[in-house]
2 protein chains.
Amino acid sequence: MLYAGFMSAVLPPFPPPQEPVDTPQLLEVGSAADEPCLRADAARNRARLLEAAARLIAEHGAAGVTMEAVAAEAGVGKGTVFRRFGDRTGLLTALLDHSARGLQADFLGGPPPLGPGAPPVDRLRAFGVAVLYRSAEQLDLQLAAQPDPTRRYAHPSVRALHTHVTVLLRQILPDADCELLAQPLLAYLDPALINHLTRQCGMPMERLEKGWLDLVERVTRTGA
Amino acid sequence: MLYAGFMSAVLPPFPPPQEPVDTPQLLEVGSAADEPCLRADAARNRARLLEAAARLIAEHGAAGVTMEAVAAEAGVGKGTVFRRFGDRTGLLTALLDHSARGLQADFLGGPPPLGPGAPPVDRLRAFGVAVLYRSAEQLDLQLAAQPDPTRRYAHPSVRALHTHVTVLLRQILPDADCELLAQPLLAYLDPALINHLTRQCGMPMERLEKGWLDLVERVTRTGA
DNA sequence: AAATTAAGCGGACCCCGGTCCGGTTCGTTA
DNA sequence: TAACGAACCGGACCGGGGTCCGCTTAATTT
């Protein structure tokens with residue numbers, strides 16, 4: 001199965017146009033089952049929708065699936081899809097949620113070198129490699145789930161990754177502007193870039209991996 | 001004026017679904033007036049459309065302008081817009097074309113430190129700062145013109161920037177995988193990131209500039 | 001200058017993401 | 001268990017991007 005992440009923090013009931021932006025960033029994700037007590041039928045429909053979406057995507061590819069088709073496949077109305085997931089991006093993101101939580105659990109509390117215990121540089125290296133391969137696996141979905149340019153960096157899951165990298169960097173380079181420095185590192189792991197390099201330029205993943213290690217090496221090399 | 005770049009390499013006549021991908025990358029842009037001898041009426045309409053688009057964007061913002069409105073303002077049919085520019089992204093890109101050519105001319109043949117003559121590291125520094133401020137000026141348009149994730153990195157203007165950075169890097173780090181290393185550098189200059197950092201996080205441009213210089217410093221620092 | 005033809009034109013048309021609101025159902029309270 | 005209200009549902013509806021195809025017009029050829 002692909003989605004399996006039926007429980008995810010998606011949206012407050014309906015009018016989702018509010019975006020507080022004051023998100024706690026870290027830790028917000030990780031605690032499971034945070035949907036604020038969905039009504040029975042709503043929860044059922046939510047599950048149906050995710051199943052339906054996964055099924056259709058497996059069959060036609062993420063790009064070839066319309067919201068209406070998902071609704072039909074799930075046997076619910078179109079409005080229900082948007083009520084639950086806000087928009088297309090929201091639905092796709094929910095499908096990715098399970099693996100996102102898994103990754104986050106791994107680097108927040110899993111075994112070293114990804115989790116705590118290893119030296120920060122090693123954790124950073126492992127983090128990049130993990131993200132790289134995870135994204136490569138779900139490339140189509142990751143691409144389709146990418147929100148428009150004005151929201152890409154504000155997206156909670158991206159924020160979580162950014163926070164993690166920033167924290168690691170601060171341990172390595174206490175005097176640098178780590179919040180900023182984290183951005184190019186993260187950008188290297190952008191699914192759209194991975195897609196470009198592997199599929200459009202034909203680079204093998206090994207080269208990307210080498211590139212990551214090299215980048216980390218260069219960025220974290222201290223003082224002259 | 002904003003657009004002013006009436007002459008740009010946009011698309012062969014109609015069926016644009018072909019994307020050769022074998023683009024010469026560099027130098028392709030720079031030689032002016034490369035529209036392959038447009039018919040008189042077509043050229044006239046093209047100019048009208050760009051003027052109309054610029055006018056409407058100035059008035060309603062890039063996001064608030066529909067293709068149909070542009071067509072109407074220019075006094076042509078909707079089909080004409082799409083025939084000429086392929087899609088929304090194409091039209092917006094054409095509006096940015098003038099300044100893109102200007103920038104390219106500057107770093108390909110202008111005076112140092114941007115142009116040839118200065119040490120590569122200085123050129124790289126100057127390049128980033130120039131791109132940074134140029135993007136900041138046209139942020140709305142740059143954001144609106146951003147193509148979907150699967151085309152973002154394949155876009156000719158991005159390719160041109162990437163090539164330039166790669167070339168500079170190779171002069172500084174002959175043994176590194178400069179093609180790859182150029183990506184995170186370029187990503188730091190992504191309009192979507194600039195938008196996020198300045199408008200959503202409230203960072204001043206000075207900090208972004210410092211961040212660029214620091215990043216260049218770290219990435220180009222040679223050997224242990 | 002007439003004929004020929006390829007390029008260009010335009011607006012009706014389709015599709016899909018997203019919204020709205022009248023009717024329904026769940027869960028709770030009395 | 002009756003009744004109430006909030007949450008939910010669904011599908012009609014809307015707007016905008018992108019396509020199509022029959023008609024028009026600019027360039028070229030003789």
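Chain naming here is simple, since letters A, B, ... match the order of the sequence lines and numbering starts at 1 in each.
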Problem set entry | Residues in side-chain hydrogen bond (donor to acceptor under 3.5 Å, both in side chains) contact with B/Glu209, at least two apart in sequence or another chain | B/Tyr133
Exercise. Quick one: B/Asp87 CG to D/dT19 P, roughly how many Å, whole number?
Worked result: 8 Å
Which side-chain N or O atoms in residues 62-70 of chain A pair as donor and acceptor under 3.5 Å with protein atoms at least two apart or in another chain?
| from | atom 1 | to | atom 2 | distance (Å) |
| --- | --- | --- | --- | --- |
| A/Thr66 | OG1 | A/Glu68 | N | 3.1 |
| A/Thr66 | OG1 | A/Ala69 | N | 3.0 |

Problem set entry | Rounded distance in Å - CZ (A/Arg46) to C1' (D/dA7) | 16 Å
For this session: Could you check how far CZ of B/Arg84 sits from P of C/dA7, rounded to whole Å?
Result: 12 Å
For this session: Kindly indicate whether the side chain of B/Arg199, heavy atoms from C-beta on, has any atom under 4.5 Å from the side chain of A/Thr150.
Result: no
For this session: Using salt bridge (Lys or Arg N to Asp or Glu O under 4.0 Å) as the criterion, list what pairs up with B/Arg88, not counting sequence neighbours.
Result: none
For this session: Can you tell me the distance, in whole Å, between the CZ atom of A/Phe82 and the P atom of C/dC21?
Result: 17 Å
Exercise. Salt bridge (Lys or Arg N to Asp or Glu O under 4.0 Å) with A/Arg134: which residues, sequence neighbours excluded?
Worked result: none
Atom pairs, protein N/O to nucleotides 14-16 of chain C N/O, distance under 3.5 Å:
none

For this session: Go through the structure and list residues passing salt bridge (Lys or Arg N to Asp or Glu O under 4.0 Å) with B/Arg39, not counting sequence neighbours.
Result: B/Asp41
Exercise. Can you list the residues that meet the side-chain hydrogen bond (donor to acceptor under 3.5 Å, both in side chains) rule with B/Thr166, with sequence neighbours excluded?
Worked result: none
Problem set entry | Cationic N near anionic O, under 4.0 Å, A/Asp177 to B/Arg207 | yes
For this session: Return the value, rounded to whole Å, for the distance between atom CG of B/Leu92 and atom P of D/dG17.
Result: 10 Å
Identify all pairs in which a protein N or O lies below 3.5 Å from an N or O of nucleotides 23-27 of chain D, and state each distance.
| from | atom 1 | to | atom 2 | distance (Å) |
| --- | --- | --- | --- | --- |
| D/dT25 | O2 | B/Arg39 | NH1 | 3.4 |
| D/dT25 | O2 | B/Arg39 | NH2 | 3.4 |
| D/dA27 | OP1 | B/Ala40 | N | 3.0 |

Exercise. Quick one: salt bridge (Lys or Arg N to Asp or Glu O under 4.0 Å) partners of B/Arg44, sequence neighbours excluded?
Worked result: none
Problem set entry | Atom pair distance, as rounded to whole Å: CZ in A/Phe85 and P in D/dC9 | 11 Å
For this session: May I ask you to verify if any side-chain N or O of A/Asn45 is less than 4.0 angstrom from the OP1 or OP2 atom of D/dC8?
Result: no
Seminar exercise, completed: Judged by nearest nucleotide, the residue sitting upstream toward the 5' end of DNA chain D, A/Gly75 or B/Thr89, is A/Gly75
